[in-house]
Amino acid sequence: VCQPPLNPKRRRRRLVVQIMITLYSIKQTGIITRFIKGLYKSYISLARVIDRLANFAEKYADLPTLGFTHYQPAQLTTVGKRACLWLQDLVMDMRNLQRAREDLRFRGVKGTTGTQASFLQLFQGDHEKVEELDRKVTEMTGFKKSYLVTGQTYSRKVDIDSLCVLASLGATVHKICTDIRLLANLKEIEEPFEKEQIGSSAMPYKRNPMRAERCCSLARHLMALVSDPLQTAAVQWLERTLDDSANRRISLPESFLTADIILSTLQNITEGLVVYPKVIERHIRHELPFMATENIIMAMVKAGGNRQDCHEKIRVLSQKAAAAVKQEGGDNELLARVQADPYFTPILGQLDSILDPKTFIGRAPQQVTRFLSEEVRPVLEPYKSKMDVKTELQL
């Protein structure tokens, strides 16, 4: 049966659709749209992690704990302040994810090599109609902007930008979970541990930080994946080559999937972090006498003592106490040695207040309160309705 000829308008409409399909536009739009959805899902999951960790930081804002530099005991901080260091990086990741999502644009109706030559021919040289078509199709696909210039594809730098923020998130998670693993070794903080969970198949008494280890393992993979779009963007010849396709089919979805499982695991960790204040207190007692020596000297000077004489007394007693700790495996007896020395009689009644751990944490609690109020809670405000979702893991 012969079909009646199409009228000019319908023929032109069909031609426009054929040109758009042929020129990869729909597929490119789908990829960008998946980027948008993937980034949105990532920062919803990240918002939940930030929410849980913010609650943890608030709860332990003023609990003193040993700070470490070079993984050696340094000045005291608080458990909540340390959590705020983790939070600061996560908030930066949240902003990066949002920026990457907001920067995404539609490729636009650009044609085979990005010149819009086919569309200009279709509209008989009318540039305004070509631009109008580009604008309307951009709006129809839900985008506010399109790239003004492209080759056959959008720039593969777009892939780099999207995966770089995920890789940066991976670095943050790796640092947080490494800290948790180190603190678990000290028995100060532990990730949640299920009632029937097996900590070690060989040693039943152990409680290995399996969740944090899993996060670190996957975070390394996530950080490594960003090398794929970097290499792909670097080797795109002229207007486009097809050696990007197979690589992108693996690296792009794998990055989002990896970020998703990392965030769900980290959410599970932050929902059940366990703190052991008595262990933390014992570690502080072991180190605090050394940290308090300057305070003891100042108290003696205020009581009328000579600073140089006091410094020498403290130096000798500290060396003897340190030798007992290191060579004999004993406790830190510096405080007992100070109490036994008649020279320090004028300040014996002040030693308890001098050695109060809360006098060594500076403004850590105030910093936590202000940071949560000014930088963390406002970031979470748009996602309040999505905070109630909890995660359960099969270990």
Side-chain angles (χ1 to χ4, degrees), residues 60-86 175-176 178-190 205-207 209 274-365 367-368:
Y60 296 104
D62 60 354
L63 179 62
T65 188
L66 279 177
F68 291 88
T69 58
H70 313 275
Y71 202 43
Q72 303 298 314
Q75 289 185 343
L76 298 190
T77 182
T78 69
V79 172
K81 171 61 188 297
R82 178 178 285 142
C84 283
L85 298 180
W86 302 338
K175 185 266 190 292
I176 293 171
T178 298
D179 285 354
I180 291 172
R181 292 163 67 190
L182 292 171
L183 293 169
N185 174 65
L186 298 175
K187 296 180 174 59
E188 293 189 356
I189 289 179
E190 284 184 343
Y205 63 90
K206 291 185 70 180
R207 296 180 64 162
V274 181
V275 177
Y276 296 105
K278 294 297 183 182
V279 178
I280 293 173
E281 183 182 343
R282 185 174 75 244
H283 290 159
I284 290 175
R285 285 201 309 269
H286 191 72
E287 300 291 342
L288 190 58
F290 292 136
M291 299 178 189
T293 53
E294 184 63 27
N295 298 41
I296 293 173
I297 292 172
M298 287 191 293
M300 276 298 298
V301 171
K302 287 180 182 178
N306 179 277
R307 190 186 189 287
Q308 198 62 35
D309 293 342
C310 185
H311 184 281
E312 179 61 18
K313 284 277 188 180
I314 288 289
R315 186 190 70 80
V316 172
L317 294 178
S318 296
Q319 295 294 333
K320 290 179 179 178
V325 170
K326 295 177 181 178
Q327 297 173 16
E328 300 170 17
D331 293 330
N332 187 341
E333 297 179 348
L334 176 58
L335 181 58
R337 292 173 187 271
V338 169
Q339 291 171 326
D341 193 319
Y343 177 83
F344 295 99
T345 300
I347 63 165
L348 290 182
Q350 303 177 43
L351 285 180
D352 285 343
S353 60
I354 290 174
L355 290 165
D356 180 358
K358 291 199 173 183
T359 65
F360 290 82
I361 59 176
R363 298 191 65 254
Q367 288 179 351
V368 171

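Heavy-atom neighbours of Gln75 CD from other residues, nucleotides or ligands within 6.0 Å: at or below the threshold of 12. Within 6.0 Å of CG on Asp331 lie no more than 12 heavy atoms contributed by other residues, nucleotides or ligands.
The two residues Ile361 and Thr78 have their closest heavy-atom pair at CD1-CG2, 3.8 Å. For Ile189 against Tyr276, the heavy-atom pair with the smallest separation is N-CD1, 4.5 Å. Here the shortest heavy-atom pairing between Thr77 and Gly67 reads CG2-CA, 4.0 Å. Met291 and Ala74 make their closest contact through CE-O, 2.5 Å (heavy atoms, listed as atom of the first residue, atom of the second, distance).
Atom CZ of Phe360 sits about 4.5 Å away from atom CG of Leu288, to the nearest 0.5 Å. Between atom CG of residue Leu183 and atom CD of residue Glu190 there is a gap of 10.5 Å, rounded to the nearest 0.5 Å. Going from atom OG1 of Thr293 over to atom CE of Met298 covers 9.5 Å, rounded to the nearest 0.5 Å. Here CG of Leu355 is found 8.5 Å from CG of Leu334. Values are rounded to the nearest 0.5 Å. Note that CD of Gln350 and CG of Leu348 are 9.5 Å apart. Values are rounded to the nearest 0.5 Å. Summarising the geometry, atom CD belonging to Glu287 is positioned 10.0 Å from atom CG belonging to Leu76; distances are rounded to the nearest 0.5 Å.
In this structure the side chain of Pro64 reaches within 4.5 angstrom of the side chain of Ile284, judged on heavy atoms. A heavy-atom distance below 4.5 Å is not found between the side chains of Leu66 and Ile280. Within the 4.5 Å cutoff, no side-chain heavy atoms of Arg82 are placed close to those of Tyr60. Considering only heavy atoms from C-beta on, Leu317 stays 4.5 Å or farther from Tyr343 through its side chain. Contact of the Thr359 side chain with the Ser353 side chain is not registered, since no non-hydrogen atoms from C-beta on lie closer than 4.5 Å. For the pair Val316 and Lys320, the minimum side-chain heavy-atom distance is below 4.5 Å. Side-chain contact between Lys278 and Arg282 is absent, with no heavy-atom pair separated by less than 4.5 Å.
Sorted by first then second residue, the salt bridge (charged side-chain N to carboxylate O under 4.0 Å, His left out) pairs that include residues 70-79, not counting sequence neighbours, number zero. Sorted by first then second residue, the salt bridge (charged side-chain N to carboxylate O under 4.0 Å, His left out) pairs that include residues 338-353, not counting sequence neighbours, are Lys313-Asp341.
Under the rule for a ring pair (Phe, Tyr, Trp, His ring centres under 6.0 Å), the partners of Phe68 that lie at least two apart in sequence or sit in another chain are Tyr71. Listed by chain and number, the residues in a side chain to side chain donor-acceptor pair (under 3.5 Å) with His286 amount to none (sequence neighbours excluded). Take Lys175 and apply the side chain to side chain donor-acceptor pair (under 3.5 Å) test, not counting sequence neighbours, and it matches Asp179.
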Original post:
side chain to side chain contact (heavy atoms under 4.5 Å, CB included) between Val338 and Ile314: does it pass, once the steps are laid out?
Top reply: CA-CA 8 Å; Val338 169; Ile314 288 289; 4.3 Å; yes
Please report, to 0.1 Å, the donor-acceptor pairs under 3.5 Å made by any side chain of residues 299-312, with sequence neighbours excluded.
{"unit_1": "Asn306", "atom_1": "OD1", "unit_2": "Gln308", "atom_2": "N", "d": "2.9"}
{"unit_1": "Asn306", "atom_1": "OD1", "unit_2": "Asp309", "atom_2": "N", "d": "3.0"}
{"unit_1": "Arg307", "atom_1": "NH2", "unit_2": "Glu294", "atom_2": "OE2", "d": "3.2"}
{"unit_1": "Glu312", "atom_1": "OE1", "unit_2": "Arg315", "atom_2": "NE", "d": "3.2"}
{"unit_1": "Glu312", "atom_1": "OE2", "unit_2": "Arg315", "atom_2": "NH2", "d": "2.8"}

